[in-house]
A.B. asks: 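The structure that follows is given in the form of structure tokens.
Read the numbers this way: they start at 1 and go in the same order the structure lists the ligands and their atoms. Being a predicted model, the structure only gives us computed values, none of them experimental.
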Amino acid sequence: MLKDRISNREARITVMGLGYVGLPLAIEFAKAGFYTYGYEIDSSKIETLKAGKSYILDVPDDDIASTLSQKRFQPTSDAGVIKDSDVVVICVPTPLRKTRDPDLSFIISAVQTLLPYVHRDMLVVLESTTYPGTTEELLAREIENKGLSVGRDIYVAFSPERVDPANKSYKTSDIPKVVGGVSEICGVLAEELYKAIVPSVHGVSTARTAEMVKLLENTFRSVNIGLVNEMAMICHKMDIDIWEVIDAAKTKPFGYMPFYPGPGIGGHCIPCDPIYLTWKAKMHGIEPRLVELASEINYYMPHYVVDRLVDILNEHGRALSRTNVLVLGVAYKKNVGDTRESPAIEIINKLLEKKANVSFYDPYVSSIMTINGILKGLEDISDLASYDCCLITTDHDEIDYERIVESIDIVFDTRGRLRREGIYSL
Ligand SMILES: NC(=O)c1ccc[n+]([C@@H]2O[C@H](COP(=O)([O-])OP(=O)(O)OC[C@H]3O[C@@H](n4cnc5c(N)ncnc54)[C@H](O)[C@@H]3O)[C@@H](O)[C@H]2O)c1
């Protein structure tokens, strides 16, 4: 029985998509004793992994090398391995289209890859963040069309991924999992699977509920970030320090949790996930006003930062078009190299539109694409003499902020890293 094969670690697992989510997950399954295939369409990633190297900061090379040498982990671009698998976990991207609608093309393509190999007594779990109904309507229905009855012949579930890249306290293996099956037995089997790698598993009644859990978690973040960004703009006008306000508010032991303002939201989750929710809600005749307003405020932040920078330069009798600006940090958050949807890049584009002379430094990112083409980052910050102003957009820990403050007259810190007299902040 599949349940026994999972609990005895005899089940073979294929993880589809070895990115920020899929690679750590595949390694956790392998470390727990499962024979794990990592199926990935990007052949350069497969080559890197086969050489025993990782390309995800949270996954050490040693983990790749040891799971390879113990013959627990097999990276591959051959989808045929799915045929030999008892469990398949799908971790492909769910971005937005240019029209800012959900783009399910990666899930659709992964399902098409999977279908020729699905078989009886197999568990298929979707982990990609998506709107409620995807697991049932897109995955389970396609499998049923192959003549397999979901819940009787084959099992389908959804389990949201909650990994937080660069979080030192919580890695994939420390974060409780939520699972919801298309039927009860589907959920039970998915719970059995995740129990092998995480401290606790919380089962919910349906796959749709599990899909909604993830959207609630990330929409909660988006709304609270929107609120605190709005508070930051109000505080600035009233000459009150937002950071001091937050520090004081968070002393309340209940009913409040701190969120921090910043130059905008980025990454693959917070900018996208609320849009998956609102898109689906509208199909049910609901206009989710609060969620959309929060996203609007968050999307306004890069404009606000540029407007504030113009005002700050004006105070110093400078025009942006004749200013050498050093942008510090282009990753969407600190201590990672992920620039997807990064507000820093939008800010750089706006500065370039306004004819500023822009350079950037980011210890994790060597170049970015801007409206003017590829912009290479500085290799180090040893020579700061030529910069009139520094805009801190990502507060990576390993930057020598004292050097910045000593060398550059005007510093605008959008992350609250340098809270002191003489430094401009949000
Ligand atoms: N990055 C995060 O912090 C995070 C956190 C929680 C949830 N999520 C969700 O997890 C999902 C994956 O996100 P990610 O950040 O890992 O994306 P990613 O872009 O880092 O990784 C996805 C990988 O899937 C591969 N891929 C694409 N189509 C494929 C296919 N048909 N078959 C096999 N491989 C394929 C890509 O080449 C890529 O390597 C998304 O739905 C995202 O919203 C991400």
A.B. asks: Between K177 and E127 (salt bridge meaning N to carboxylate O under 4.0 Å), is one present in this structure?
C.D. replies: yes

A.B. asks: Is a side-chain N or O of R9 found less than 3.5 angstrom from the main chain of A32, in a donor-acceptor match?
C.D. replies: yes

A.B. asks: So does K171 have more than 12 non-hydrogen atoms from other groups sitting under 6.0 Å from NZ?
C.D. replies: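 Above 12, so yes.
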
A.B. asks: Of the side chain and backbone of R340, name the one, both, or neither that has a heavy atom under 4.0 Å from an atom of ligand 1.
C.D. replies: side chain

A.B. asks: Which residue owns the protein heavy atom closest to atom 37 (O) of ligand 1, what's the atom, and how far is it?
C.D. replies: E40 OE2, 2.5 Å

A.B. asks: Relative to atom 26 (N) of ligand 1, which among I41, I90, L104 owns the nearest non-hydrogen atom?
C.D. replies: I41

A.B. asks: Strictly by salt bridge (charged side-chain N to carboxylate O under 4.0 Å, His left out), give each pair with a member in residues 36-49 just once, sequence neighbours left out.
C.D. replies: none

A.B. asks: Closest non-hydrogen protein atom to atom 21 (O) of ligand 1, residue and atom name please, with distance?
C.D. replies: G19 CA, 3.1 Å

A.B. asks: State whether the shortest distance between N or O atoms of D273 and N or O atoms of ligand 1 falls below 3.5 angstrom.
C.D. replies: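 No; every N/O pair is 3.5 Å or more apart.
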
A.B. asks: Identify, for atom 1 (N) of ligand 1, the protein heavy atom at the shortest distance, and state residue, atom and that distance.
C.D. replies: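 Residue, atom and distance for the closest contact: Y20 CB, 3.6 Å.
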
A.B. asks: Assess whether a salt bridge exists between K83 and D78, defined as any Lys/Arg side-chain N lying under 4.0 Å from an Asp/Glu carboxylate O.
C.D. replies: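 Result for this pair is no, no salt bridge flagged.
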
A.B. asks: Looking only at distances, please establish whether an N/O atom of ligand 1 is found under 3.5 Å from an N/O atom of V21.
C.D. replies: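 N/O-N/O distance under 3.5 Å: yes.
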
A.B. asks: Report yes if some N/O of R162 lies less than 3.5 Å from some N/O of ligand 1; otherwise report no.
C.D. replies: no

A.B. asks: Go through the steps to decide whether L23 and S54 satisfy the test side chain to side chain contact (heavy atoms under 4.5 Å, CB included), and finish with yes or no.
C.D. replies: CA-CA 9 Å; L23 183 61; S54 173; 4.1 Å; yes

A.B. asks: So if I count the atoms of ligand 1 from 1 in the order they appear, which ones are less than 4.0 Å from some heavy atom of S109?
C.D. replies: 31 (N)

A.B. asks: Does E192 pair with K195 as a salt bridge, N-O distance under 4.0 Å?
C.D. replies: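 Salt bridge: yes.
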
A.B. asks: Which atoms from ligand 1 have a heavy atom of T94 less than 4.0 Å away?
C.D. replies: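 Taking each heavy atom of T94 in turn, ligand 1 has 40 (C), 41 (O), 43 (O) under 4.0 Å.
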
A.B. asks: Which of the atoms in ligand 1, numbered in the order shown and given with their element, are less than 4.0 Å from a heavy-atom of K214?
C.D. replies: 6 (C), 7 (C)

A.B. asks: For the salt bridge (charged side-chain N to carboxylate O under 4.0 Å, His left out) test, which of K333, R417, K168 pairs with D397?
C.D. replies: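 Going through the options one by one, the only one that passes is R417.
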
A.B. asks: Quick one: do Y364 and V336 satisfy side chain to side chain contact (heavy atoms under 4.5 Å, CB included)? Show the steps, please.
C.D. replies: CA-CA 7 Å; Y364 296 89; V336 302; over 6 Å; no

A.B. asks: Using distance alone, determine whether T129 and ligand 1 share an N or O pair under 3.5 Å.
C.D. replies: yes

A.B. asks: Hey, which atoms in ligand 1 end up nearer than 4.0 Å to a heavy atom of C91?
C.D. replies: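 Taking each heavy atom of C91 in turn, ligand 1 has 12 (C), 22 (C) under 4.0 Å.
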
A.B. asks: Provide the number and element of each atom of ligand 1 under 4.0 Å from a heavy atom of K45.
C.D. replies: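 Selected atoms, number and element: 38 (C), 39 (O).
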
A.B. asks: Considering only heavy atoms of A110, which atoms of ligand 1 have at least one such atom less than 4.0 Å away?
C.D. replies: 31 (N)

A.B. asks: Any atoms of ligand 1 less than 4.0 Å from a non-hydrogen atom of V163? List them with their elements.
C.D. replies: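 Taking each heavy atom of V163 in turn, ligand 1 has 3 (O), 5 (C) under 4.0 Å.
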
A.B. asks: Does C272 approach ligand 1 within less than 4.0 angstrom via side chain, backbone, both or neither, non-hydrogen atoms only?
C.D. replies: neither

A.B. asks: Considering heavy atoms of the protein only, find what lies nearest to atom 7 (C) of ligand 1 and give residue, atom and distance to 0.1 Å.
C.D. replies: E161 O, 3.5 Å

A.B. asks: Does atom CD of E244 have more than 12 heavy-atom neighbours, drawn from other residues, nucleotides or ligands, at distances under 6.0 Å?
C.D. replies: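 Not buried by this count: 12 neighbours or fewer within 6.0 Å.
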
A.B. asks: Of all the atoms in ligand 1, which lie at a distance below 4.0 Å from a heavy atom belonging to P165?
C.D. replies: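 Ligand 1 atoms under the 4.0 Å threshold to P165: 3 (O).
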
A.B. asks: Suppose we measure from atom 11 (C) of ligand 1 to each protein heavy atom; which comes out shortest, and what is that distance?
C.D. replies: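 Atom 11 (C) of ligand 1 sits closest to the protein heavy atom V92 O, 3.4 Å.
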
A.B. asks: Got the closest protein heavy atom to atom 24 (O) of ligand 1, with its distance?
C.D. replies: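 Checked against all protein heavy atoms, atom 24 (O) of ligand 1 sits closest to G17 CA, 3.3 Å.
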
A.B. asks: List, one per line, each side-chain donor-acceptor pair under 3.5 Å for residues 216-230, sequence neighbours excluded.
C.D. replies:
{"residue": "E217", "atom": "OE1", "partner": "R162", "partner atom": "NE", "Å": "3.4"}
{"residue": "E217", "atom": "OE2", "partner": "R162", "partner atom": "NE", "Å": "3.0"}
{"residue": "E217", "atom": "OE2", "partner": "R162", "partner atom": "NH2", "Å": "2.6"}
{"residue": "N218", "atom": "ND2", "partner": "D273", "partner atom": "OD2", "Å": "2.6"}
{"residue": "T219", "atom": "OG1", "partner": "L215", "partner atom": "O", "Å": "2.6"}
{"residue": "N224", "atom": "ND2", "partner": "F220", "partner atom": "O", "Å": "2.8"}
{"residue": "N229", "atom": "OD1", "partner": "G262", "partner atom": "N", "Å": "3.0"}
{"residue": "N229", "atom": "ND2", "partner": "I225", "partner atom": "O", "Å": "3.4"}
{"residue": "N229", "atom": "ND2", "partner": "N298", "partner atom": "OD1", "Å": "3.0"}

A.B. asks: Does Y332, backbone or side chain, put an N or O under 3.5 Å from an N or O of ligand 1?
C.D. replies: no

A.B. asks: Where is the nearest protein heavy atom to atom 13 (O) of ligand 1: which residue, which atom, and how far?
C.D. replies: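 So the nearest neighbour among protein heavy atoms is H268 CD2, 3.5 Å.
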
A.B. asks: Could you check atom 2 (C) of ligand 1 against the protein and tell me its nearest heavy-atom contact, residue, atom and distance included?
C.D. replies: C269 SG, 3.9 Å

A.B. asks: Passes side chain to side chain contact (heavy atoms under 4.5 Å, CB included), F73 versus I27? Steps please.
C.D. replies: CA-CA 7 Å; F73 178 49; I27 294 302; 3.7 Å; yes

A.B. asks: Should the pair R12-D84 be classified as a salt bridge under the 4.0 Å nitrogen-to-oxygen rule?
C.D. replies: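 So R12 does not pair with D84 through a salt bridge.
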
A.B. asks: Looking at OH of Y170 and CG of D164, how far apart are the two atoms once the value is rounded to the nearest 0.5 Å?
C.D. replies: 11.0 Å

